[in-house]
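All ligand and atom numbering here is 1-based and tracks the order in the structure.
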Amino acid sequence: MRVLSGIQPTGRFHWGNYFGAIRQYIDLQHGNESYYFIADLHALTTIRQPDELRGLVWDAALDLLALGLDPNQATLYVQSDVPEVSELCWLLMSGAPMGLLERCHAYKDKKAKGLPADMGLFAYPVLMAADILAYDADAVPVGQDQVQHIEVCRDLAASFNHHYGEVFALPKPRVLDDSACVPGTDGEKMSKSYNNTIDIFEPPKKARKKIMRIPTDSRPMEEPKDPAGDPLVDLYRLFADADELAAMEALYRRGGFGYGEVKKTLAEAAETHFAEAHHRRADLAAHPERVKEILGDGAARARRKAGEVLRRAQQACGLNSSAT
Ligand code: ADP
Ligand code: TRP
């Protein structure tokens, strides 16, 4: 199976991103041909400061590698390092019905709020289709919110194939299991838009402070409590093994503990879980030339594949005839 996914560098990765997406990408790199990229062209619709964008792209690369993305297993690259994708985007755009794109939620939601939208946001699903089709990807692991975009990709590919012959492979979404929705520090879904995140690579001291400030109820210590649906237990579940979790749940049911203790246990479990990744990240940050080489190799591999598909598409629609 050829697996492909992109991740937008619009903020530092948090626990929700890791357990809801990144960890699953990393699992899928084994036994599959996989392509993962940092979607900097997509991020241009939100990040307008060049230094900020450069920094976020670099951080995303370090984070993904530190968390276990293995360049010997998967191809990791930056989207804009593969210009073939933008060329393919134009071919797809030329046959993309306006009505189809008007129904896509990113653009529709912004318009509904009366906010000005730009062409980049409108064409966002077409660029995403080019991202996928350029690599003949079979499976695209994405969160539920992106499934509509994979449908658009399939529509665009099918209509191109119908018109010009069998050029593109039709991909399938592989919906990520985010059933264990990670709660943020306010108990709502963890999201950078809600300002309730704990980032994977923030200094442990800072993360600990955020954990200690998670609001809890004021029932007396001795009162037994139900662990189900408790945000501290839900967070602890991400890091604890079965025995550790059972012990925590038993403590809740028994009562006679303070939330401060639970928070400390949670902070320690998270630190242990990400300790190796923190080490790897520091090591990578101290050797930027290694990271540049990984991204350079990834881009070269990606360009070879995307170049093949682009030429196939160009020839099918009557372009690039001097090259034949
Ligand atoms: P944010 O909500 O912080 O902007 P994104 O929408 O960029 O995060 O998230 C990228 C992916 O990370 C999502 O498609 C989803 O799979 C996963 N994800 C994000 N937040 C959570 C969460 N709180 N719980 C589980 N998965 C999440
Ligand atoms: N739009 C996706 C997101 O916001 C990121 C993305 C860009 C992507 N291109 C892609 C995901 C291609 C999968 C395939 O999460």
Part of Gln144 with heavy atoms under 4.0 Å of ligand 1, whether side chain, backbone, both or neither: neither
Neighbour count >12 (heavy atoms, 6.0 Å) for atom CZ, Arg12: yes
Polar contact flag for Gln8 and ligand 2 (N/O pairs, less than 3.5 Å): yes
Nearest neighbour of atom 18 (N) of ligand 1 from the list Gly143, Ala21, Ser191, Gly16, on a heavy-atom basis: Gly16
Between Thr197 and Asp199, a side-chain donor and acceptor under 3.5 Å: yes
Heavy atom of Gln146, distance to ligand 1 below 4.0 Å: no
Where ligand 2 meets Ser5 - atom numbers and elements under 4.0 angstrom, heavy-atom basis: 11 (C), 13 (C)
Atoms of ligand 1, numbered as shown, that sit under 4.0 Å from any heavy atom of Met190: 20 (N), 21 (C), 22 (C), 23 (N)
Identity and separation of the nearest protein heavy atom to atom 2 (C) of ligand 2: Gln146 OE1, 3.4 Å
Distance-only N or O hit between ligand 1 and Lys192, under 3.5 Å: yes
Shortest protein heavy-atom distance from atom 12 (C) of ligand 2, along with the residue and atom involved: Met128 CG, 3.6 Å
Residues, nucleotides or ligands: over 12 heavy atoms within 6.0 Å of Asp241 CG: yes
Atom 5 (C) of ligand 2: nearest protein contact (heavy atom, Å): Gly6 O, 3.5 Å
Residue Lys189 vicinity, atoms of ligand 1 by number, heavy atom under 4.0 Å: 20 (N), 21 (C), 22 (C), 23 (N)
Atom 9 (N) of ligand 2 [closest protein heavy-atom partner, distance rounded to 0.1 Å]: Asp131 OD2, 2.8 Å
Gap separating the CD atom of Glu223 from the OH atom of Tyr252, nearest 0.5 angstrom: 12.5 Å
Residues Arg48, Asp118: salt bridge by 4.0 Å N-O rule: yes
Cys181 N/O to ligand 1 N/O under 3.5 Å: no
Proximity of Asp145 to ligand 1 by residue part, where a heavy atom lies under 4.0 Å: side chain
Atom 1 (N) of ligand 2: nearest protein contact (heavy atom, Å): Tyr124 OH, 2.5 Å
Those atoms of ligand 2 less than 4.0 Å from some heavy atom in His42: 7 (C), 9 (N)
Backbone of Asp136 reached by a side-chain donor or acceptor of Arg2 within 3.5 Å: yes
Heavy-atom side-chain proximity of Asp230 to Met248 below 4.5 angstrom: no
Candidate list Val57, Thr10, Asp40, test side-chain contact (heavy atoms from CB on, under 4.5 Å), partner Ile47, passing option: Thr10
Charged tip of Lys111 within 45° of Phe122 ring normal and under 6.0 Å: no
For atom 10 (C) of ligand 1, the option (of Asn17, Val142, Thr10, Val182) bearing the nearest heavy atom: Asn17
Salt bridge (charged side-chain N to carboxylate O under 4.0 Å, His left out) between Arg281 and Asp59, intermediate numbers included: CA-CA 10 Å; Arg281 196 183 192 287; Asp59 280 328; 2.9 Å; yes
Ligand 2-proximal atoms of Ile132, by part, heavy-atom distance under 4.0 Å: side chain
Numbered atoms of ligand 2 (with element) below 4.0 Å of Val140, judged on heavy atoms: 13 (C), 14 (C)
Under 4.0 Å to a heavy atom of Phe37 - the qualifying atoms of ligand 2, by number: 9 (N), 10 (C), 12 (C)
side-chain contact (heavy atoms from CB on, under 4.5 Å) partner of Leu127, chosen from Leu92, Leu88, Val85: Val85
Proximity of Leu127 to ligand 2 by residue part, where a heavy atom lies under 4.0 Å: neither
Arg208 with Glu271: basic N within carboxylate O range, under 4.0 Å: yes
Trp15 and Phe274 aromatic ring geometry - parallel, tilted or perpendicular at 30°/60° bounds: tilted
Proximity to ligand 1 by part of Leu176, non-hydrogen separation under 4.0 Å: side chain
